[in-house]
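Count residues from 1 along the sequence.
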Amino acid sequence: MEIRNITKIVRNMILYKNSVDKELTNLNENEFEMLRYITKRDFRSFSEVTNYLNVDKGLVTRMSKKLVSLGYITIESDSYDMRKKLMKATDKALEIKNEVYDHEMEFYNACVQVLSDLEREEFLKLLDKVYLESKRLRKTGFMELKHE
């Protein structure tokens with residue numbers, strides 16, 4: 001098995017998700033990832049979102065305007081620093097996130113049904129191990145992967 005098959009599986013899931021969610025969100029992958037990130041906590045600053053997505057602040061500003069216009073987020077002033085703006089997910093955003101999550105799970109469950117129970121259990125253990133390493137790499141800014 002080629003390790004890049006991970007990318008291919010994710011790409012197929014995105015194609016499936018886009019086909020069933022096209023009318024649901026009207027968001028591209030970056031916009032949806034931004035929304036997903038905002039829903040994980042009560043408030044997110046523009047700099048937090050910019051750093052998480054690794055994009056420029058202007059793009060985050062444009063995406064936030066779209067998310068506001070669609071009713072997925074609100075933007076409020078920070079109670080500690082009125083100059084700082086914070087994004088908050090609406091109930092509509094949480095509903096959409098859950099619906100999209102259900103479609104992702106539907107796809108992944110369909111994929112792993114070719115495995116026996118034992119294979120599925122082992123696969124999920126290994127997948128969790130790889131995921132935790134990818135998360136560690138992201139938290140360190142991918143420094144171990146950067147080529148000089």
Quiz item: Out of R44, K40, E33, which one pairs with Y52 under the side-chain hydrogen bond (donor to acceptor under 3.5 Å, both in side chains) rule?
Solution: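 Result for side-chain hydrogen bond (donor to acceptor under 3.5 Å, both in side chains) with Y52: E33.
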Quiz prompt | Any pair counted as side-chain hydrogen bond (donor to acceptor under 3.5 Å, both in side chains), so long as it reaches residues 54-65, sequence neighbours left out | solution = none
Quiz prompt | Partner of R36 by salt bridge (charged side-chain N to carboxylate O under 4.0 Å, His left out), out of E31, E104, E29 | solution = E104
Exercise. Sequence neighbours left out, what passes side-chain hydrogen bond (donor to acceptor under 3.5 Å, both in side chains) with K88? Give chain and number order.
Key: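 Here no residue qualifies.
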Report yes or no: do [X] and [Y] belong to one cluster of Ile/Leu/Val/Met/Phe/Trp/Tyr joined by side chain heavy-atom distances under 4.5 Å?
{"X": "V10", "Y": "V130", "result": "no"}
{"X": "V68", "Y": "F32", "result": "yes"}
{"X": "L126", "Y": "L115", "result": "no"}
{"X": "V55", "Y": "F46", "result": "yes"}
{"X": "I9", "Y": "M13", "result": "yes"}

Which heavy atom of [X] sits nearest a heavy atom of [Y], and at what distance?
{"X": "A89", "Y": "T39", "answer": "CB-CG2, 3.5 Å"}
{"X": "K66", "Y": "S69", "answer": "O-OG, 2.8 Å"}
{"X": "L137", "Y": "T140", "answer": "O-OG1, 3.0 Å"}

Any side-chain heavy atom of [X] within less than 4.5 Å of one from [Y]?
{"X": "H103", "Y": "F107", "answer": "no"}
{"X": "K85", "Y": "S77", "answer": "yes"}
{"X": "R120", "Y": "D117", "answer": "yes"}
{"X": "M63", "Y": "L53", "answer": "yes"}
{"X": "L67", "Y": "L27", "answer": "yes"}

Within a reach of under 6.0 Å around [atom1] of [X], are more than 12 heavy atoms found that belong to other residues, nucleotides or ligands?
{"X": "F142", "atom1": "CZ", "result": "yes"}
{"X": "D81", "atom1": "CG", "result": "yes"}
{"X": "K129", "atom1": "NZ", "result": "no"}

Quiz item: F43 ring centre to K84 NZ or CZ under 6.0 Å, with the angle to the axis within 45°?
Solution: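 Ring-cation test returns no.
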Hey, what do you get for [atom1] ([X]) to [atom2] ([Y]), rounding to the nearest 0.5 Å?
{"X": "D78", "Y": "L86", "atom1": "CG", "atom2": "CG", "answer": "4.5 Å"}
{"X": "I38", "Y": "K97", "atom1": "CD1", "atom2": "NZ", "answer": "11.5 Å"}
{"X": "E99", "Y": "K17", "atom1": "CD", "atom2": "NZ", "answer": "12.5 Å"}

Practice problem: State, without any angle test, whether E106 and Y16 hold a side-chain donor-acceptor pair at a distance under 3.5 Å. | Solution: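 The criterion, which ignores hydrogens and geometry beyond distance, is satisfied for Y16 and E106.
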Self-check item: Whether T90 side chain and Y72 backbone form a donor-acceptor pair below 3.5 Å
Solution: yes
Quiz item: Under 3.5 Å, side chain of D128 to main-chain N/O of L124, donor-acceptor pair present?
Solution: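 Here the side-chain-to-backbone pair does not exist.
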Quiz prompt | Electrostatic pair E133-R136, nearest N-O below 4.0 angstrom | solution =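 A salt bridge is present here (some side-chain N lies under 4.0 Å from a carboxylate O).
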